[in-house]
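As a basis for the values below, the full set of heavy atoms in this structure was taken, side chains included, without hydrogen atoms, waters or symmetry mates.
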Amino acid sequence: MAKTPKAVALGSALRQARVDKGHKLREFAAMINRDPAMLSRWETGDRIPKPEHVAQILTVLGVNGDQYDDIMTLVYGTGEPQWVATTLPEQRQQLAAYLEYEQQAATIIEVSPLMIPGLLQTADHIRAIMSGGGVPAGDIPTRIAVRLGRKEIITGGSPARLVALVGQAALYQGIGGRDASIAQLRYLLEMMQRPNVELRIIPFGMEWHPGLEGAFVLIESNGPASVVFLETRRSTLWLHKEDDVNAYKHAVDMILRVTLSPQDSARLISELVHRMENRGDEPDHLAKVEP
C-alpha cells in the first residue's frame with residue numbers, strides 16, 4: 001500500500017521522539033523487542049504500527065503529556081485516503097509531514113490565485129502577512145526563519161522543480177507597503193532566472209478555469225506518492241488517493257492553458273515594477289498590465 005500523508009507524519013513524529021532521547025534505531029529496536037527493519041518502516045511511513053505499538057514506543061521513550069497526546073492523534077485513520085486536520089495538534093503534525101514531502105519532492109506545483117507562493121516570498125512579505133494575521137510578535141522571527149529555510153528545497157544543491165501558477169491579482173496586493181511590494185516583485189524576477197523555477201501569471205479577464213476555485217499545492221515526490229494539499233483558515237486537507245491526485249493534475253493542465261508564458265509573465269512583472277517606482281505611490285489595484 002502506498003504511503004499516506006498521515007503515516008508519514010506519524011513515522012516522522014516517532015523518529016523525532018527517538019532521536020530527541022538519543023537512541024540509535026537498532027539500539028531502540030532492541031529495547032522494544034522489535035525488528036530494526038520494521039521499526040525503520042514505521043518511521044518512514046511505509047508501514048503503519050498498531051496503536052498499542054505506538055503507545056509502547058512512547059512509554060519506553062518516556063514521552064507523556066501533550067506530546068504523547070499529539071502523537072496518539074495520528075494513530076487512528078492513518079491509512080485513510082483523506083486527512084482533514086481541524087485541531088491544532090493535527091495541524092502541527094501535518095506541517096511536519098508537509099516539510100517531509102517537500103524535502104523529497106521532485107516537482108512542486110503551486111496554484112495561488114491571490115497570494116505570492118510561500119517559497120517565493122521575501123522576509124518582509126512574510127513578516128507583513130504574519131503581523132496582519134495576528135501571529136504573536138515574539139513568534140514571528142522564528143516563523144520567518146523556518147519559512148526562509150524551506151527555500152533550500154529550490155535553491156540547494158539538488159533543487160526540486162517549482163512551477164508557480166500565480167494569479168495576476170497577487171501582484172497588486174500591496175502587502176507590507178510600496179517598498180516591500182517592489183522588493184517582492186523584484187525577488188520574483190530574480191527567482192525566475194533559476195532553471196528549476198517556472199513562474200507563470202494567470203492574467204485577468206480569462207474564462208473559467210480551476211484556478212478560480214482556490215489555491216492548492218501538488219507535490220510529485222521521489223519518495224512518498226504524490227499528494228495534494230489544500231488549506232483553509234481553520235482546517236487543512238491532504239489528498240493522496242490516485243483518483244484525487246489525478247483530478248488536480250488535470251486541473252493544472254487546464255490552468256496552464258490560460259497562463260502567460262514565463263517570458264510574458266516576467267515582462268508583466270517588470271512593467272509593474274517600473275510603473276510603481278516611477279509613480280511613487282501604492283500600486284493601483286485596478287490597473288491592468290496587458291500581456
Side-chain angles (χ1 to χ4, degrees), residues 98 102 105 107-130 132-133 147-148 150-151 153-155 159-176 178 180-220 228-232 248-276 282-291:
Y98 185 82
E102 274 193 341
T107 301
I108 301 170
I109 303 173
E110 184 157 359
V111 175
S112 188
L114 298 175
M115 295 283 291
I116 302 299
L119 290 174
L120 297 176
Q121 292 175 0
T122 64
D124 286 342
H125 193 88
I126 297 168
R127 182 178 294 103
I129 290 173
M130 292 184 176
R147 184 169 295 187
L148 292 178
R150 287 168 53 197
K151 291 180 186 291
I153 298 159
I154 58 173
T155 62
R161 177 171 176 251
L162 174 65
V163 179
L165 309 180
V166 181
Q168 187 173 350
L171 308 178
Y172 293 85
Q173 301 298 352
I175 294 172
R178 174 180 173 273
S181 295
I182 291 173
Q184 175 62 77
L185 295 177
R186 286 199 171 280
Y187 183 68
L188 293 182
L189 294 171
E190 176 186 333
M191 293 299 290
M192 291 173 74
Q193 299 301 311
R194 292 182 171 272
N196 62 307
V197 175
E198 178 180 341
L199 189 152
R200 291 172 175 263
I201 300 298
I202 308 168
F204 293 135
M206 294 293 101
E207 296 288 340
W208 181 90
H209 56 82
L212 297 175
E213 296 173 350
F216 65 88
V217 179
L218 168 63
I219 298 180
E220 298 176 343
V228 175
F229 179 80
L230 304 98
E231 187 173 13
T232 69
Y248 279 89
K249 288 182 178 179
H250 180 60
V252 168
D253 290 339
M254 295 175 68
I255 296 168
L256 281 169
R257 296 186 195 124
V258 301
T259 61
L260 303 179
S261 68
Q263 295 76 19
D264 285 342
S265 297
R267 184 171 66 83
L268 186 152
I269 296 170
S270 295
E271 290 178 3
L272 179 56
V273 169
H274 179 74
R275 290 167 53 195
M276 290 174 65
E282 300 296 331
D284 181 356
H285 293 260
L286 300 180
K288 176 180 176 182
V289 178
E290 297 292 346

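- Counting heavy atoms from C-beta outward, I219 and T107 have side chains that stay 4.5 Å or more apart.
- At least one side-chain heavy atom of Q168 sits under 4.5 Å from a side-chain heavy atom of L268.
- Under a 3.5 Å cut-off, the side chain of E198 and the backbone N or O of A164 do not form any donor-acceptor pair.
- A 4.5 Å side-chain heavy-atom check between K249 and V252 finds every atom pair outside the cut-off.
- For the pair N196 (side chain) and L162 (backbone), a donor-acceptor distance under 3.5 Å is absent.
- Between I269 and M192 there is a side-chain heavy-atom pair separated by less than 4.5 Å.
- The shortest side-chain heavy-atom distance between L171 and I116 falls under the 4.5 Å cut-off.
- Classification of E271 and R267 as a salt-bridged pair holds, one side-chain N sitting under 4.0 Å from a carboxylate O.
- For the atom pair CZ of F216 and CG of L165, the computed distance is 7.5 Å after rounding to the nearest 0.5 Å.
- Put simply, the side chain of R150 reaches to within 4.5 Å of the side chain of L119, judged on heavy atoms.
- Within the 4.5 Å cutoff, the side chain of M276 has no heavy atoms near those of the Y172 side chain.
- Using a 4.5 Å cut-off on side-chain heavy atoms (C-beta onward), H209 and M254 make no contact.
- In this structure, CZ in F229 is found 9.5 Å from CD in E102, a value given to the nearest 0.5 Å.
- Within the model, atoms CD of E190 and CG of L120 stand 11.0 Å from one another, a figure rounded to the nearest 0.5 Å.
- Separation of atoms CG (L212) and CE (M206) is listed at 10.5 Å; rounding is to 0.5 Å.
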